Protein chains: 2
Amino acid sequence: MATVLSVDRGVPCPAWKQVLSKRLQKRTPRNDRPSATLKDVAQRAGVSTATVSRVLNAQGKVNRETGTRVAEAVAALGYVPHAAARALASRRSRTIGAVTAALDNPIFARGIQALEHRLELSGYGLLVASSNYEPERELKQVRTMVERGIDAIMLQGDSHLPEVYALLQRKGIAYINTWVYDAAATHPCCGFNNELTGHNLADYLLDLGHREIAMVAGVTAGNDRARNRIKGVAAALRARGLDLPPARVVERPYSLSDGRDGLRELFAGPGPRPTAVIGGNDLLAIGVMLEAQQSGLTVPGDLSVAGFDDIELAANIAPALTTIHVPVEEICTLAGDYLVARIEGRPARDHVALEARLVVRQSTARAGGRA
Amino acid sequence: MATVLSVDRGVPCPAWKQVLSKRLQKRTPRNDRPSATLKDVAQRAGVSTATVSRVLNAQGKVNRETGTRVAEAVAALGYVPHAAARALASRRSRTIGAVTAALDNPIFARGIQALEHRLELSGYGLLVASSNYEPERELKQVRTMVERGIDAIMLQGDSHLPEVYALLQRKGIAYINTWVYDAAATHPCCGFNNELTGHNLADYLLDLGHREIAMVAGVTAGNDRARNRIKGVAAALRARGLDLPPARVVERPYSLSDGRDGLRELFAGPGPRPTAVIGGNDLLAIGVMLEAQQSGLTVPGDLSVAGFDDIELAANIAPALTTIHVPVEEICTLAGDYLVARIEGRPARDHVALEARLVVRQSTARAGGRA
DNA sequence: TTGTAAGCGTTATCAA
DNA sequence: TTGATAACGCTTACAA
């Protein structure tokens with residue numbers, strides 16, 4: 001085993017420990033050498049543990065010279081604070097949770113990464129879990145995180161099981177819903193209005209003259225964002241006297257092959273073929289585009305395609321995808337700001353609106369025209 | 001503030017707490033109602049805390065009836081164990097760390113997700129951080145995680161700062177290097193042989209008659225996988241009497257636009273244009289492909305392109321990308337198995353080899369032929 | 001500015 | 001099968 005190590009202690013074993021042979025014997029099996037504790041540091045620096053703690057937590061109120069001595073002892077012993085002990089005593093774990101629907105969607109991964117960077121700055125760790133859009137699973141994960149003592153948590157969307165909100169509130173744990181914005185929401189949120197965004201995208205296609213518009217949407221069960229995007233698109237059509245019949249909306253999980261599959265199903269449906277298809281996110285939209293192209297259609301000549309998110313691929317694929325640019329990094333960084341502020345007792349705005357604007361590229365064109 | 005809550009306790013305040021007014025006053029500011037503790041549960045069930053602990057940890061050795069009474073008390077109080085206290089007493093946090101180079105590369109995100117699922121099964125939480133391929137940053141993150149009391153950690157690659165290994169070993173924390181396999185490695189690992197894989201991919205192109213082979217590789221600084229893939233490609237060329245001159249290897253971070261950019265630089269280089277380009281991963285390869293296509297070349301007619309990883313896009317884009325299929329989910333799940341086994345004192349193989357095989361698709365063709 | 005000591009909520013040893 | 005009770009390593013009044 002590569003982790004077997006020598007038991008060189010570097011410092012003499014404190015006398016008070018030498019008599020406690022029993023205690024030493026029951027030490028954790030794989031951890032031969034007990035790590036230095038605050039007490040060891042205090043002893044070596046010739047001060048009390050309280051003083052060491054003060055130095056370590058930069059509470060001021062310490063003599064510069066004392067501080068130096070403590071710092072030296074810390075370095076000499078290779079002292080590493082014990083987070084669990086610290087959490088127990090301070091009732092604060094310096095850990096924040098994030099439950100995301102999926103990690104393998106690059107847009108979410110970028111968000112988590114942004115959050116992690118934000119938290120790193122303030123010295124917080126990030127505990128993650130992915131719920132796969134299953135509310136029950138999300139609840140279980142939130143529960144586990146609460147048990148783990150997270151100080152705050154970032155959630156996606158706002159349709160969580162009531163138990164999630166109840167638990168968080170009962171425990172006094174700060175939380176924030178991301179990817180959604182609703183000025184009237186009862187819960188803190190940071191994001192944009194998905195319905196409005198869907199509306200805008202549909203309006204743009206309508207303005208291009210499209211009348212046969214269809215969607216390969218995300219699976220709406222347990223996913224308010226997917227639901228609201230559809231709602232917005234439907235509203236835009238309705239405002240122009242058009243309809244978005246069920247056969248024009250197929251739901252699929254979020255992946256390229258689901259997008260391809262979705263287009264096939266749309267094309268197999270009744271009535272005239274759609275001239276424009278909106279993907280519930282960029283992955284679906286690009287899947288739609290690839291399927292169309294590979295079955296001999298041109299985009300946007302024969303079919304206009306648009307998505308949501310603006311992942312890197314959207315701008316790079318040919319034709320470049322018209323989509324809604326979602327500022328994930330901002331959303332998650334601001335969510336981090338909010339949570340840290342709440343934990344540290346500072347005031348924070350609990351409804352933050354960001355803009356998700358339309359980015360017109362080459363995958364959409366006037367209806368009827370071939371490009 | 002949405003988190004203000006009622007202070008209904010559900011159970012009468014135990015007598016021993018009523019005198020401790022001071023203590024109650026200094027409770028955490030945002031957490032009005034102190035959560036039920038083991039002691040509360042014990043009191044309510046009319047047993048000792050030790051017994052409750054035994055029931056909760058399913059250690060057997062408890063009367064069925066006692067167990068039921070405890071379970072009832074737990075439910076009635078909505079008791080949630082306090083992880084920090086548990087960790088302090090048991091010297092085990094039930095949390096595992098993972099530091100990944102980047103989360104926004106879907107292949108890594110899939111790995112983290114697989115690891116998380118594996119750990120969820122065994123009741124472990126996952127703490128993540130992304131190092132952006134910076135060794136110093138990785139060290140800092142490992143340190144932070146160690147302070148947070150992780151029981152084990154998953155790393156990527158095997159070229160870590162010596163301090164990383166030293167710290168982990170000193171603390172007796174189990175770790176494993178993933179994405180790499182070397183039977184002779186001094187550290188536990190789970191993955192495949194990156195050099196061999198590069199060699200195989202180059203061999204395949206050579207067999208197709210390509211002689212002008214170039215690479216848009218990952219940035220090799222702090223990235224042993226990138227280095228070894230290049231090494232393998234160079235070795236394969238050398239074995240056929242060919243050379244891989246510096247001008248034929250450009251290094252780029254891992255993204256689509258870096259791939260595009262890399263191809264431009266290769267084409268600007270001296271000597272004959274390459275007829276085949278290997279991307280350091282699929283993102284780079286697809287970037288190369290998109291750039292080639294958008295500048296009027298056909299793939300694979302004018303240029304063969306191949307990558308590493310086999311992300312979902314590789315199979316779906318046109319032409320579908322020839323690549324090395326990397327079994328990330330398996331790698332990370334097995335890494336999880338290993339870490340959990342080590343933590344729980346069970347034996348585990350600490351060098352696990354997986355196969356990363358070539359998947360031939362449509363982006364590669366014989367040299368000289370137009371498809 | 002520093003020290004003393006009482007917790008924090010568990011686990012685990014030992015005795016009953 | 002259970003109960004007392006001593007850790008676990010740190011923070012934080014309060015006192016000096």
Side-chain angles (χ1 to χ4, degrees), chain A residues 14 16-17 20-29 31 34-43 45-67 69-70 74 77 79-94 147-149, chain B residues 14 16-17 19-28 31 34-43 45-67 69-70 74 77 79-94 147-149:
Chain A
W16 63 270
K17 272 197 175 170
L20 300 174
S21 55
K22 262 185 225 160
R23 237 179 84 195
L24 287 175
Q25 275 163 21
K26 70 157 181 163
R27 284 274 173 185
T28 67
N31 198 344
S35 306
T37 68
L38 239 209
K39 210 162 179 173
D40 298 331
V41 175
Q43 215 150 73
V47 298
S48 73
T49 59
T51 300
V52 178
S53 175
R54 284 184 200 107
V55 172
L56 262 41
N57 295 298
Q59 304 209 309
K61 313 283 186 190
V62 274
N63 188 320
R64 273 175 49 77
E65 200 212 340
T66 316
R69 271 220 317 289
V70 169
V74 165
L77 296 177
Y79 169 74
V80 175
H82 190 295
R86 200 206 283 251
L88 181 57
S90 67
R91 318 190 54 73
R92 199 140 284 172
S93 68
R94 296 198 81 79
E147 290 189 21
R148 292 217 144 72
Chain B
W16 64 269
K17 272 196 176 168
V19 287
L20 301 174
S21 55
K22 262 186 227 160
R23 237 180 81 196
L24 286 175
Q25 274 163 21
K26 69 154 183 166
R27 284 272 173 186
T28 67
N31 198 345
S35 305
T37 70
L38 240 208
K39 209 161 178 173
D40 297 332
V41 175
Q43 215 150 75
V47 298
S48 73
T49 59
T51 300
V52 177
S53 177
R54 281 183 203 109
V55 173
L56 262 42
N57 294 296
Q59 303 208 311
K61 313 283 183 189
V62 274
N63 187 320
R64 274 174 50 77
E65 200 211 343
T66 317
R69 272 220 315 289
V70 170
V74 165
L77 297 176
Y79 168 74
V80 174
H82 190 296
R86 201 206 282 251
L88 180 57
S90 67
R91 319 190 52 74
R92 196 140 287 174
S93 68
R94 296 199 79 81
E147 291 189 19
R148 293 219 143 71

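Within every chain, numbering begins at 1; the chains are lettered A, B, ... in the order of the sequence lines, protein sequences first and strands thereafter. Computed from a predicted model, the values in this text were never measured in an experiment.
- At the phosphate of D:dT11, OP1 or OP2 sits under 4.0 Å from a side-chain N or O atom of A:Ser53.
- Here the P atom of nucleotide D:dT12 and the CZ atom of A:Arg91 are 11 Å apart, to the nearest Å.
- Residue A:Ser90 places none of its side-chain N or O atoms closer than 4.0 Å to OP1 or OP2 of D:dC10.
- Although no hydrogens or angles enter the test, the distance criterion places a donor-acceptor pair under 3.5 Å between the side chain of A:Arg148 and the main chain of B:Arg94.
- Here the C1' atom of nucleotide D:dA7 and the CG atom of B:Leu88 are 9 Å apart, to the nearest Å.
- Spacing between atom CZ of A:Arg148 and atom P of C:dG9 amounts to 19 Å, rounded to whole angstrom units.
- Here the side chains of B:Thr37 and B:His82 are not in contact, with every heavy-atom distance at 4.5 Å or above.
- B:Arg86 and B:Asn57 form a side-chain donor-acceptor contact under 3.5 Å, judged by distance and modelled atom types alone.
- Computed from coordinates, the A:His82 NE2 to D:dT11 P distance equals 12 Å when rounded to whole Å.
- For the pair A:Asn57 CG and D:dG9 P, the interatomic distance rounds to 17 Å; values are reported in whole Å.
- Atom-to-atom distance recorded for A:Leu56:CG and A:Thr49:OG1 is 11.5 Å, nearest 0.5 angstrom.
- Across the protein-nucleic acid pair, B:Leu38 atom CG and C:dT11 atom C1' stand 9 Å apart, rounded to whole Å.
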With the criterion being N/O to N/O and under 3.5 Å, what pairs connect the protein with nucleotides 2-6 of chain D, and how long is each?
| unit_1 | atom_1 | unit_2 | atom_2 | d |
| --- | --- | --- | --- | --- |
| D:dT2 | OP1 | B:Thr66 | OG1 | 2.3 |
| D:dT2 | OP2 | B:Asn63 | N | 3.0 |
| D:dG3 | OP2 | B:Ser48 | N | 2.9 |
| D:dG3 | OP2 | B:Ser48 | OG | 3.3 |
| D:dG3 | OP2 | B:Thr51 | OG1 | 2.6 |
| D:dG3 | N7 | B:Arg54 | NH2 | 3.3 |
| D:dG3 | O6 | B:Arg54 | NH2 | 2.6 |

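- In this structure, A:Arg86 places its CZ atom 18 Å from C1' of C:dG7, rounding to the nearest Å.
- Nearest-nucleotide assignment on DNA chain D puts the 5′-proximal partner with B:Ala89, out of A:Ala87 and B:Ala89.
- Looking at heavy-atom distances under 4.0 Å, B:Val80 makes contact with sugar-phosphate atoms alone, never a base.
- In this structure, the CG atom of A:Leu56 is 7 Å from the P atom of D:dT11, given to the nearest Å.
- We find the NZ-OH distance between A:Lys39 and A:Tyr79 to be 13.0 Å, quoted to the nearest 0.5 Å.
- Remark: of the listed residues B:Leu77, B:Val52, B:Val74, B:Leu77 is the sole one forming a side chain to side chain contact (heavy atoms under 4.5 Å, CB included) with B:Asp40.
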(request) Give the C-alpha distance, both sets of side-chain angles, the deciding distance and a yes or no for side chain to side chain contact (heavy atoms under 4.5 Å, CB included) between A:Val55 and A:Val47. (result) CA-CA 11 Å; A:Val55 172; A:Val47 298; over 6 Å; no
